[in-house]
Structures are given as C-alpha cells and as structure tokens.
**Student:** 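I am attaching a structure below and will ask some questions about it afterwards.
Below, chain A is the first sequence line, B the second, and so on; all start at residue 1. Worth saying up front: this structure is predicted, and the values here are computed from it rather than measured. What you see below is based on every heavy atom in this structure, not just the backbone, and it leaves out hydrogens, waters and symmetry mates.
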Amino acid sequence: MAELTYREAVAAGIAQEMARDPNVVFLGEDVAAAGGVFKATVGLLEQFGPRRVRDTPISEQAILGAAMGAAMTGLRPIAEIMFSDFLAVCWDIVANEIAKTRYMTAGQVTLPLVIRTANGGGSRFGAQHSQSVENWAMAVPGLKVVAPSNPADVKGLLAAAIRDDDPVVFFEHKSLYAVKGEVPDGEHIERLGTAKVLRDGRDVTVLALAAMVPKALAAAERLAAEHRIEATVIDVRSLVPLDTETILREVVKTGRVATVEENPRLCGWGAEIASIVAEECFWDLDAPIVRITTPHVPLPSADNLEDATVPTVERIVATLRQAID
Amino acid sequence: MAELTYREAVAAGIAQEMARDPNVVFLGEDVAAAGGVFKATVGLLEQFGPRRVRDTPISEQAILGAAMGAAMTGLRPIAEIMFSDFLAVCWDIVANEIAKTRYMTAGQVTLPLVIRTANGGGSRFGAQHSQSVENWAMAVPGLKVVAPSNPADVKGLLAAAIRDDDPVVFFEHKSLYAVKGEVPDGEHIERLGTAKVLRDGRDVTVLALAAMVPKALAAAERLAAEHRIEATVIDVRSLVPLDTETILREVVKTGRVATVEENPRLCGWGAEIASIVAEECFWDLDAPIVRITTPHVPLPSADNLEDATVPTVERIVATLRQAID
Amino acid sequence: MSPRTKTKATSGRNDDIGEATRLGLWRQCLEVRHLEKRAYDLFLQNLIKGTSHLSLGQEAVAAGFGVAMRKDDWSFCTYRGHAHTLVRGASMTGVLGELMGRECGLLGGKGGSMHLTSVEHGAMGSYAIIGAHLPIAIGAAWSAQYRGTDQVAVCFFGDGTTNIGAFHEALNMATVWTLPVVFVCENNLYMEYTPIGEVTAVEHPAADRAGAYGLPGIIVDGNDPDAVFRAAREALAKARAGEGPSLIEAKTYRHSGHSRADPGKYRPDEEVKAWLARDPIPMYRKRLLDFGVKEAVLDAIDAETRAAVDAATEAAKASPEPALAVIERDVWADGGASWRN
Amino acid sequence: MSPRTKTKATSGRNDDIGEATRLGLWRQCLEVRHLEKRAYDLFLQNLIKGTSHLSLGQEAVAAGFGVAMRKDDWSFCTYRGHAHTLVRGASMTGVLGELMGRECGLLGGKGGSMHLTSVEHGAMGSYAIIGAHLPIAIGAAWSAQYRGTDQVAVCFFGDGTTNIGAFHEALNMATVWTLPVVFVCENNLYMEYTPIGEVTAVEHPAADRAGAYGLPGIIVDGNDPDAVFRAAREALAKARAGEGPSLIEAKTYRHSGHSRADPGKYRPDEEVKAWLARDPIPMYRKRLLDFGVKEAVLDAIDAETRAAVDAATEAAKASPEPALAVIERDVWADGGASWRN
Ligand SMILES: Cc1ncc(C[n+]2csc(CCOP(=O)(O)OP(=O)(O)O)c2C)c(N)n1
Ligand SMILES: Cc1ncc(C[n+]2csc(CCOP(=O)(O)OP(=O)(O)O)c2C)c(N)n1
Ligand SMILES: [Mg+2]
Ligand SMILES: [Mg+2]
C-alpha cells in the first residue's frame, strides 16, 4: 500500500489505464503541460507524450465532441471539464449526444469515454465554481455517474470507468484533492455500481457521497460518543448504476435513513433514493426519511457563509439526533 | 369565456402582457414572421411590430444572453427556446447566469424574464426533440418552473410569469398545443406557485403535470367506473415555487400518494415530492409512495414505442390498482 | 475575405471525372430524389409520422461527396440526412423502415427520421440539435489521425448552423489540431422559415468565416454534382495528406418546405422558380447527354433506382412494428437499461 | 485579413486627449495598480481566501475605457474584473471587502472576487464562466437600443475567450442587430497556463476574426492608456451613433500568474522581461513628464491612490463577516429564498 493524495490517485488511475491500453487518450484545458489546474494530471504528458495527452482551446463543446467522436471510432478518451459547473456550456454534448446516441442507434454506437470534472464547494470560489451537479448527470438516462470519496476509490473507480464501455461522468471533489489515503499497490480496479458500508450501526443508515462521506463519518463518531446513537454510514460512490441492493438492505436493518447531500435540495440524488426507499421499504421504516442537503440556493463565497451552507458535521449531528428522538 | 387552443392561449397571454407593458419584448428563432414553429406566436409580429417581436439567428446562448442583459437593464423579455431539449445548448446561461446572478450580487440585479419552451413527447420526434426536462430546471436554485396543462392556465400562468420579477422557465407541452379549452375573457392572470385540485377522491392522491394531467384524470375516471377507486387528482402546475400546502393537505386526506411524471425516472420532480411526503407526512401514509414515470431511457421514436414509454392511462390505472390492493 | 469559387468548367466525357464516375453521381442523385419523393408520399399517406426533412433539390451535394468518399471514411449529418445516409450505401429499406417506425428500420424504430445512422457504412449518425455534430466529427478525425489511418471525417450542415457556438469551436480546434475533416455547409438560403441573410453578419455564412479559422473560403455550386465532386476530391485529398481541414460552402436550394408540414410559403415565387430551373437532376442529365452518354443508359439507371425505391417501400410496409421489449434495451453496452441492481 | 493597428502617435499635452483626461487615465491606472498589489498582499496574509485574478500589467485597458465611458454606460467583465469594476467608480472598500468575504463587500460576501458587480456604477457584473457575458452584454445593448437611450455596453474578455462558442454567437448577433456594444479582447498571450497561440487557428485571436462578423480588425497597444482611450472613444462614438458594434483587440500582458497560486513559470524569462520593460505605469509616467506635466502632480495622485487603498484596506478589515441570515436571502426578487409555501 502506498499513501497517495486524492489528486495523485487521479493521475495514477489514468496512468494505469494509459499504460495498459494504447487507445486511451486524454484531453482538456491546461491538462498536459501544466498538469491540470488542480495538479491532478501532473506527469501524464511526460509519461505518455503529447500525442496522447493534449491541451485544448477553451472550447468545452469541442472537447466533449472530440471525445465522443473518438470514442465512436475506436478510442477510449478521457476528457477533463475543469469545473463541473462548466458542464453547462457543453450540456448538449453530454445530455443530448453522448447519453442518447447508443440508444437512438439501437446499439450501433458504443461510447467508452470518461468525463472527469472537479465538483463541489469549500474553496470560496463562489456560485459558478463550486456547484455539486452530480444530480444533473444522474437525471439523464445513458450516463453512468461516479463520485469517489477517497484516493483508493479514485484510482479504482477511475480505472473501472475508463474500462467501462459506457460513458461515465466522474465527479472528483475539489475539497478532497489534498486528502491522503492508502491506495493498493499494483493494478487497482474497483467495480462500478457498488456502494460501500463504511460503518455499522443499529439506529440509522446514513447515505453520503464524495466530500459528505468524511463528514457523515465524523458525525457518526460524534453521535456514538456523545449521544449513544449508532449510525451505519454508506458511501454511495456510484449514482448510476445505483447499488440499491446494499442501500435497501442496510436501510431495512436500521429502519431509519438519512441522506447527506451537497447538491442543492430540489431533485438531488437523495430525493431519488428517498423515493425508492419510500416505495420499496415503506413497511420497514420506523421514522420519516430525512434529507440533509445544501439549501436550495446558489453557493455564497465568504468563508463563513460557504461553510454554513453546505451540510456541516454539526448540522448532520443535530438533524440525526432530532430525527431519532 | 372564449374557447382557445393551448397554442392560441400562448399568443393571447403574451399579447395581453405586451399590450399592457411596453417593456415586454419577445425574441426567438422563427417566432416573428413565421409565428413560431408550433404556430404558438402567430399574430404577435403583426400586432406589436418588429421592434418588439424579433427573429434571431440559431444562437440559443445569444438569445438567452440577450434576454438576461435586457432584463437586467429594465426590459421584461420573453425568450423562446424552440424545443426544451435545446436548453442544453444554452444551459450555462440558464443555470449559471440567469439563475445565480441575483443571489451572487446580493440582490443588485433583478431578472424579470421568461423562457418559454416546448417540452415533452408524443410527436414521434425522437430522443432529441421529445424530452421532459422540467426536472432539470427544478434542480437549479434561482429558477421558477411552471408547466401548464390547459389553455386557461397557459394564458393565466404565462401572464403571471411575465409580470413576475424573477426568471421563470415556462414549459409548454407539445402534445397539448392543439387541445381546446375555455379561457376567461378579458385580463386573465393566475398565481404562480399554486397547485390545483381537479378531482376529489378518498382513496389516493395523484399528482400530475402538463400532459400527464389529462391522463391522470382519465385514469381516475376509469378507476372510479371500473374499480370503485376514488382518486384525488392534483395538477401541480408549478414546480418552483411548489405548493406543498395543497399537496400535503390532500395527501394526508387520502393517506396514499402517486406521482405521474413524464420526465425519466431518476431525480424527476416526483422524487422530490416523494421525499417531502416521506419526511413530513410519514405518519399519515397508509401505503408506499408510488411513482409512475417514463422509464430511465431516452425516448424512442416509433409510434408504438413512444406511446408505451411515456406513462399511459392503462399503466396509471394498473399501477394504482395494484398499489391500493 | 473573398471566397474563391470552385466551379471550374467541365470539359467533357473523359476529363478528370470521367463517364463511370459521372454515372455514379447520376445514380446517387436519382436514388436520393426518388427516395425523398417516396418519403413525401408516405407522409401524405400517414405512413410516416413525426417529422422529416427532405433533400429534394440538394441531391448533388450528398452525391458529390458520396462518390468522392472512400468506403472507410466517416460521414456526419443532420436531421436532413436521408440523402447523406443513403449515398454511403445504407439500405433504402432501412431508411424508409426507420421513417415509418418499423422493425426493419436502420435503428429498429428507436431513432426516427432525424437520426439515421449506419455505422457499417461509415454513416456515423444524423444529429438533430444544431451544431453538435461538428465537434463530434472532429473527434472521429482525431481518431483517424491518432491511429495513423488516412480516413477522413466529412460533416454536413446547413447555413443556419454557422451561427451557433459549436460551429466556431469545432472549426478552430480542427485547424489547431490539423485534423482530417471536411466541413460542408449546404447553404440553401434558409433556416427553418427565416432567410439566412437576415440573421447573419456576412454574406456567405460559411465561406466568409473560413478566414477566422485560417482556412480559405470555398464556394461551390451545390446543384452541380461535378463541381461538388471536384471540391470534395480536393478536400479529401488534402485531409488524407495530413494537411488539415477544409470548409466548403455549397450553394443550393430545397424544393420543398423545411420539414413535412411546411409548404415553404415564405419564399418569393421568383426565387423558387429560378432555383427550380436549376434543378440538379435535369441539369445533370442534360450535361451527360451533351457529353454523349446514351439516353438509354441514363434512363436505365433512373428505372433501376425507382424500382429499388418501390421494393424498399414494400419491404418496409411489410415489416412489423418494433417489439416493445426494445424500449428497455441498448441504453448500455451490455444491451440493457438498468440503472440499479 | 489584415487588422489595422490603432496606435497613432500621440502629439502632446494639449492634443486630442489633453492633460486633464490624461491625469484621469494616470489616476485610474494607479488605483488599479495599488489595489491589485494590495489584493496580492492580503492574499499572502491569508486575508483573501478563494481565488483572485489580478490585472497587474493590464491596467491601461481598464483605465482607457474607464475614462472614455459615460457614467450611464454599462460594463461587463470577467473574473479578472477588479480593474474594470474599480474604474467605473465602485468603492475600493467594497472591492477589497468582497475579496475578503466581509459584510462591506460589494456583494455582501455572497459573490467573491470573481463576481464583482456595482449596478449603481454601471458595472453590470463579473462573470466567471468563459464567454457567457458576451451574449449578456448584447442584451444590455439591445435594451439601450430599444429604449432609445444612447447608452453603450462594453464587454471585456481575454484572448482565450475567443475560442468558445458564446463569443461567436454574441458577435454575430451584435452585428445583425446593429447593437451599441464594444467588445474588448485583452490579449495577454495566455489562457491560464497555455499560450493562446498553441490553441488558436489565427494569429490575432480577436482581430483576425472580426471579418467573420462584418467588422474591421482593430488592434491597439493595451499597455498605452492613450491608445486604448482613443480606440475606446471611437468605438463608443460609433455605437452611440447607432452604427453598431466594434471588436477591439488590446495587446497586453499580465505581470503575475493567472490566479492567486500561480507563479507563472510557464512563461519564458525574456518574454516576461520584455513586457515588464513595457510596464504601462512607468511608460505613461514618462510620457506625461515628457509632455511637461509636473512630477509633483503625478506623485500627488500616486500618493492619493495609495492612501485610498490603505484606507479601504483598514475599512474592509474592520468590517465583520456577513451575517449567516443572508444565506437564505435574495434568491428571489421578494428578498427570500423559499421554494415552497
Ligand atoms: C440548437 C438548435 N436550435 C434550433 C433547432 C431547430 N431547428 C431545426 S432545423 C433548423 C434550421 C436549420 O437551418 P440550416 O442549418 O440552414 O439547415 P437546413 O434545415 O436548411 O438544412 C432549426 C432552427 C435545433 N434543431 N437545434
Ligand atoms: C467555460 C469555461 N472554461 C474554462 C474556464 C477556466 N478558466 C478560467 S480563466 C481561463 C483562462 C481564460 O483565458 P483568457 O480568456 O485569455 O483570459 P485571461 O485569464 O488571460 O484574462 C480558464 C480556462 C472557465 N472559467 N470557463
Ligand atoms: Mg438552410
Ligand atoms: Mg489571456
């Protein structure tokens, strides 16, 4: 096991797959010579050369269009959209072209490509560089959606996404790039569509994603230490496919469920899971389903405002205490 | 009362407001000389002239950018995006600029504008011209979202949207354009953010939107006639603001709730409502919450495929029967 | 910026094009013409639902490229893409079947008129949202360049498309990466109902912008199969030689309305009349006769293509509706549609 | 396409610009210079979080327009927008306060460095997603045209922005509608870390594209306040006269990295050195002295602007954090944030 940062795990995952498969190529703005604005792709240009690792103009539609056209003709491109907020400038290519083309062509076209993007808040960048838009991607049929919470998952899930024959939107969380963690040596690959139970408790099942995972875990520790509430914590990891098997199994065990979402409230991923639980585990629930989300507002930039807007450990603790009382 | 088609009600709503307020202007592709590709704006050019009713290039970002810039400097623009699928090509202007600017500027900027767009399936146009993307807009803080089901609401809600000081995305349903209905004479205006109870029943509360409203009503009639099941049917009308008061009140009365959604399953508007109900009416529910949606696939184009993909009266009837048994 | 016009005079039967190639152009023009007319008839008979956008009058553009392209080249086109799909070799039955929503359709009834695709023929899709396929085409070109094949991607679009952002992004990146791609703007003077001149800052919507991407402005007579063929041949050779993209503006005119329901009444009568007088099919027929090609040869090809359209119509009519099971197929590469376990 | 260069030789103290205006330019350059330096210091002191993008080295562009614009004109700028916001008259305390996330910030701490806005000064916003504000600026111009005022919208953006789709859409529509808008491309040779020349099909990313929108290509020396002022004055007059948009490319250079954390190491030493030698502030100072302006006059303005920055710094530091209640305010025009009843 080596200790890597989350950002190093990105480069490691890409490098693992580029070394393995010459059809894997990588493009984006400032990704090659500069190693990415988050320094998550440092070294790839040096290792794989300018033919495979390419800087582009500021042309997100061209970036994703190029990725799509290359994928449909035999390559396995990885495209970086620098901030997930910028998915909006190329949303047509994502939602209308990449997501739908296999279906519309009755399977004639296969699109093995990955869109990597830096998601989420915590950097005081303001409302146009801090969004959590994993729910935008989840809402579009034809996209797989992954959001890792730790370096090992970054490498393993990114590798899996690259090998997958379907388009995957891979949400890296900005505020986690500096986080360190153990990453298995040698080839490391995880399975898409699998959630992970990180903590076992009898009182409530807490579902979290990406940067909300460490917060949910911290809250669970506090609830146990201070309030004798034992929470199961699940890292959802993949929104599409969704590991309902694991989620529903754990919800049934505790009879209580809460989601911790960084996306703004309305139509967040937690709403979808809540609706599944409310339909399929209705008789197993002992209490209302609780959603802890960023309120339905754009993200403000000042330190204190941003910190208080995204779910905090304190808010998770307080909400769960109240829900369980 | 005059009988108007849904498409005539669009023109009537716009005309009412343009006649009233010289700051209301209207722009879009083929909207002026041609009266719109759905003929929903026929006559406006003749009535208000080319200064106020303007054809544009195929430049959706420029259309909505122009609307935003005009709104922030004193006009009240109405912009047409021909098909709601095309919101994807200008999603940055919608989701990152129009939705966020008031908040980011702490209220310095006011954006009284309306984005009208033709939404939904039923026309055999295929996956890129048939989407129901009201949930995309609902997911973005800062947008109001309206989707009328009948001519009177088209006129009244469109007028209200134009008078509203916030940006409103106004989803007209393609398959309803030819539908006729009574529209009050004279000035007609409805209140945004209000749902409407269309039918009263004791067994289940059915929530529907736009083209799903007539289907839900037809299903309710069948359930009553054939299965002695009495459904309350609510036309949700407005997703943001959401009339939770009416919705939750009716849900509590019947103890059972179902949503009928044309948007594909994941993160649809029904998921959000289901999560609200599951949190706030948990103890009042007698049965699992049911969602009847388009499955999570792009929309196919062949007659029989498209008809079977979007929720049908038969599917609504069958699902509700099963849910109530 | 003065676009250079590429309509060199043709010299005769055995010039740089030659009779065999010309008969190929003639055949493709007729295939498109007869199939599109049939599509219109089927629409009037209510056997084609949804929408459809015909290339009647614009046949020469598709044919010129169809003949000039290599089998392993790739084409990308729009909702107005029956022609471009056919000329690559896709089956007429597949095309008509798709328009009619039948199981035999190229897409099994899942795509419809606006999305015709036949990957086995290099027809890489018809795209219904303006502009998107220009960036996608550069991706295919990049793939050819990367893998060192000398395939070329050809991307067809309309005049109205030159005003959308994706056009700009694709053209710029194509030049910067020296990609083997040919952009073909079919300037038929109209968007849906609005004249392109009313919404465009320059006279020639594509050619006058070529300079903004370091490219020469090229205009061809889009109603002359020879002119299109020559421009195509040159641009394809340039791309294959690794010399990068081309942008060609082909001036042409659609005979019918924008889409199925449109009678096209917004167009001045004289304009329509003038362009009908330049109908590519009788013009080309006359040229071939002038070159000494036997009338019987031309008529035989005409009869063959008509018969092929008739046969395809019958085959498509006989094909059943798609099975409902396909609704939940082929979202994913595993053939399925499930988003959960 | 040969862009015409607009740097006419300046003639002297009382020429078409005159001393009073020049002192205004001098003052605005210094205000920007000192404020940006202070922003950098505060960042090093960890009093400014998030990111920030300085205009050090590019002051002359903001100043040239700031002085030429009328109070009721509108400006639209980017994340690199402290300069453009200041020159419209926004308060230094408001700018620094916003960078520091304080209650006194122009946006009360809700927007941050990349979104400075002061509607009361016609500073209609800083936009952080490349390209978006070009279409928005045409909307303001449309509004002026519609209401028959002779206000002009001025839109500032970088060289890298010329490759995104929104640029193309906005430029085309501005010409088609003859809108009173001036597009100002500050070509500082780099996007974030990538040289613009490596990703652009033409040499002058804005000027070489002007022809695609029916506009003349205009290049000015963006380090010369007089040159920028003259170009601005001419373009504003053209717009006010109802003669439509202009596109101006101002060649300049940023002295620091792209944003707070970037040391700018990707730039060749000689290049940096050459541009530092053309630092607009000492160059302009020298010109003013050559024209016979007294050193004391220049120094007094320098001292005043430094003092203003110092005072603003203290005021901003003294301002409290925003109240948490503002989180749920001002989503809607009613002042609130509720999405349900
Ligand atoms: C982004 C987008 N905007 C609008 C439309 C609607 N639309 C379909 S075809 C068309 C006109 C296209 O004109 P042109 O590019 O000249 O092609 P033509 O139809 O003449 O072949 C329009 C506006 C669309 N499909 N996509
Ligand atoms: C759509 C979009 N893509 C990428 C970015 C990230 N980004 C921010 S600034 C920048 C470089 C912009 O370069 P330029 O336009 O030359 O402006 P400059 O920073 O040099 O003033 C990039 C790529 C963005 N903000 N928006
Ligand atoms: Mg056209
Ligand atoms: Mg730059």
**Student:** Minimum heavy-atom separation for T309(B) to I327(C), with atom names?
**Tutor:** OG1-CD1, 3.4 Å
**Student:** Considering only heavy atoms from C-beta outward, does the side chain of L305(B) approach that of P322(C) to under 4.5 Å?
**Tutor:** yes
**Student:** Could you tell me whether a side-chain N or O of S59(B) sits under 3.5 Å from a main-chain N or O of I164(C), the two making a donor and an acceptor?
**Tutor:** no
**Student:** So which part of A308(B) gets closer than 4.5 Å to some heavy atom of chain C, the side chain, the backbone, both or neither?
**Tutor:** both
**Student:** Flag the one option from V89(B), L266(B), T56(B) with the top tally of heavy-atom pairs under 4.5 Å to chain C.
**Tutor:** L266(B)
**Student:** Would you give the length of the straight line joining atom CD1 of I129(C) to atom CE of M82(B), rounded to the nearest 0.5 angstrom?
**Tutor:** 11.5 Å
**Student:** Side chain, backbone, both or neither: which part of E198(C) has a non-hydrogen atom closer than 4.5 Å to chain B?
**Tutor:** neither
**Student:** Shorter than 4.5 Å, heavy atoms on both sides: which option in T51(C), L99(C), I196(C), V326(C) has the most such pairs with chain B?
**Tutor:** T51(C)
**Student:** Output, in order, the C-alpha distance, side-chain angles, deciding distance and verdict of side chain to side chain contact (heavy atoms under 4.5 Å, CB included) for S301(B) and H115(C).
**Tutor:** CA-CA 10 Å; S301(B) 58; H115(C) 297 292; over 6 Å; no
**Student:** Which region of Y266(C), side chain (C-beta onward) or backbone (N, CA, C, O), has a non-hydrogen atom less than 4.5 Å from a non-hydrogen atom of chain B, or is it both or neither?
**Tutor:** neither
**Student:** Quiz question: by atom type and distance under 3.5 Å, do the side chains of D30(B) and T194(C) form a donor-acceptor pair?
**Tutor:** yes
**Student:** In terms of heavy-atom pairs under 4.5 Å with chain C, which of D55(B), L299(B), V37(B) leads?
**Tutor:** V37(B)
**Student:** Is there a side chain to side chain contact (heavy atoms under 4.5 Å, CB included) between M114(C) and Q128(B)? Walk through the geometry before answering.
**Tutor:** CA-CA 9 Å; M114(C) 298 205 282; Q128(B) 291 184 341; over 6 Å; no
**Student:** What is the distance from atom CZ of R340(C) to atom NE2 of H296(B), rounded to the nearest 0.5 Å?
**Tutor:** 13.0 Å
**Student:** For the residue pair A128(C) and H129(B), what are the closest heavy atoms and their distance?
**Tutor:** O-CE1, 3.0 Å
**Student:** Taking all non-hydrogen atoms of both residues into account, name the closest pair between V297(B) and A337(C) and its distance.
**Tutor:** CG1-CB, 4.0 Å
**Student:** For atom CD of Q322(B), is the number of surrounding heavy atoms from other residues, nucleotides or ligands below 6.0 Å larger than 12?
**Tutor:** no
**Student:** Counting only heavy atoms closer than 4.5 Å, note whether A166(C) contacts chain B via side chain, backbone, both or neither.
**Tutor:** neither
**Student:** Give the member of G112(C), G101(C), G109(C) that has the highest number of heavy-atom pairs under 4.5 Å with chain B.
**Tutor:** G109(C)
**Student:** Got more than 12 heavy atoms from elsewhere within 6.0 Å of OH, Y40(C)?
**Tutor:** no
**Student:** To the nearest 0.5 Å, what is the distance between CZ (F125(B)) and OG (S259(C))?
**Tutor:** 7.5 Å
